[in-house]
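The structure appears below as structure tokens.
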Amino acid sequence: LRGPSGPTVVGALREGRGLRVGAPVLYRGLTVGTVTALAFTDSGIAVTLVLTRDDVPVRARDGLRVQTLGLLGDAAVELVPGPRDAAPYE
């Protein structure tokens, strides 16, 4: 999927831990996108991300986790690389 700025990724988290729409998305320490939607599900939180770069190698088995930034406790979503042999995310 492609959003207005780049690829769109939808994932799941068990907890939001202070996450909000507009929070940054990180990959290997670089900001590569933005959280565009959050929704409750039966098992946690559905997170929609729009990537601002086309060169992020997102794979189907990559993970997501909430990372706290700085002393004020702002939250970001980190894309956690999964197995290298996993299929690309579509």
Side-chain angles (χ1 to χ4, degrees):
L1 295 172
R2 288 192 63 79
S5 300
T8 298
V9 176
V10 178
L13 295 166
R14 289 187 190 155
E15 303 180 346
R17 292 182 31 207
L19 194 59
R20 61 178 175 72
V21 170
V25 176
L26 306 175
Y27 180 77
R28 299 185 184 255
L30 299 177
T31 301
V32 296
T34 305
V35 174
T36 58
L38 298 166
F40 291 107
T41 67
D42 290 339
S43 60
I45 308 289
V47 182
T48 303
L49 318 170
V50 172
L51 303 181
T52 54
R53 296 177 58 137
D54 287 326
D55 61 344
V56 181
V58 180
R59 294 180 291 271
R61 293 181 51 202
D62 289 352
L64 298 178
R65 70 175 162 215
V66 178
Q67 181 178 17
T68 303
L69 304 175
L71 297 174
L72 299 178
D74 290 335
V77 170
E78 181 179 8
L79 281 168
V80 181
R84 288 181 176 219
D85 61 347
Y89 179 85
E90 294 184 27

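These numbers come from the heavy atoms of this one structure, side chains and all, not from hydrogens, waters or symmetry mates.
V80 and L30 fall into different hydrophobic clusters, where Ile, Leu, Val, Met, Phe, Trp and Tyr are joined by side-chain heavy atoms under 4.5 Å apart, directly or via other members.
Counting only residues at least two apart or in different chains, side-chain hydrogen bond (donor to acceptor under 3.5 Å, both in side chains) contacts with residues 38-47 are absent. Listed by first and then second residue, the side-chain hydrogen bond (donor to acceptor under 3.5 Å, both in side chains) pairs that reach into residues 13-23 come to none, sequence neighbours excluded. Among residue pairs with one or both ends in residues 72-86, those qualifying as side-chain hydrogen bond (donor to acceptor under 3.5 Å, both in side chains) are R65-E78; sequence neighbours excluded.
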V25 vs T31, test: side-chain contact (heavy atoms from CB on, under 4.5 Å). Steps then yes/no. CA-CA 6 Å; V25 176; T31 301; over 6 Å; no
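The minimum heavy-atom distance between V66 and L13, with the atom names listed, is CG2-CD1, 3.7 Å. Between A75 and A23 the shortest heavy-atom distance is O-CB, 3.4 Å. Heavy-atom minimum distance, D62 versus V58: OD2-CA, 3.5 Å. Scanning both residues, Y89 and T8, for their nearest heavy atoms gives CE2-O, 3.6 Å.
Partners of R61 under the side chain to side chain contact (heavy atoms under 4.5 Å, CB included) rule, at least two apart in sequence or in another chain, are P83, A86. Remark: A37 engages T48 in a side chain to side chain contact (heavy atoms under 4.5 Å, CB included) (not counting sequence neighbours).
Contact check for V10 versus V47: no side-chain heavy atoms found under the 4.5 Å cut-off.
The other residues sharing a hydrophobic cluster with L26 are L69, where clustering joins ILVMFWY side chains under 4.5 Å apart.
To the nearest 0.5 Å, atoms CD1 (I45) and CG (L19) are separated by 8.5 Å. Expressed to the nearest 0.5 Å, how far CG of L38 lies from CG of L49 amounts to 9.0 Å.
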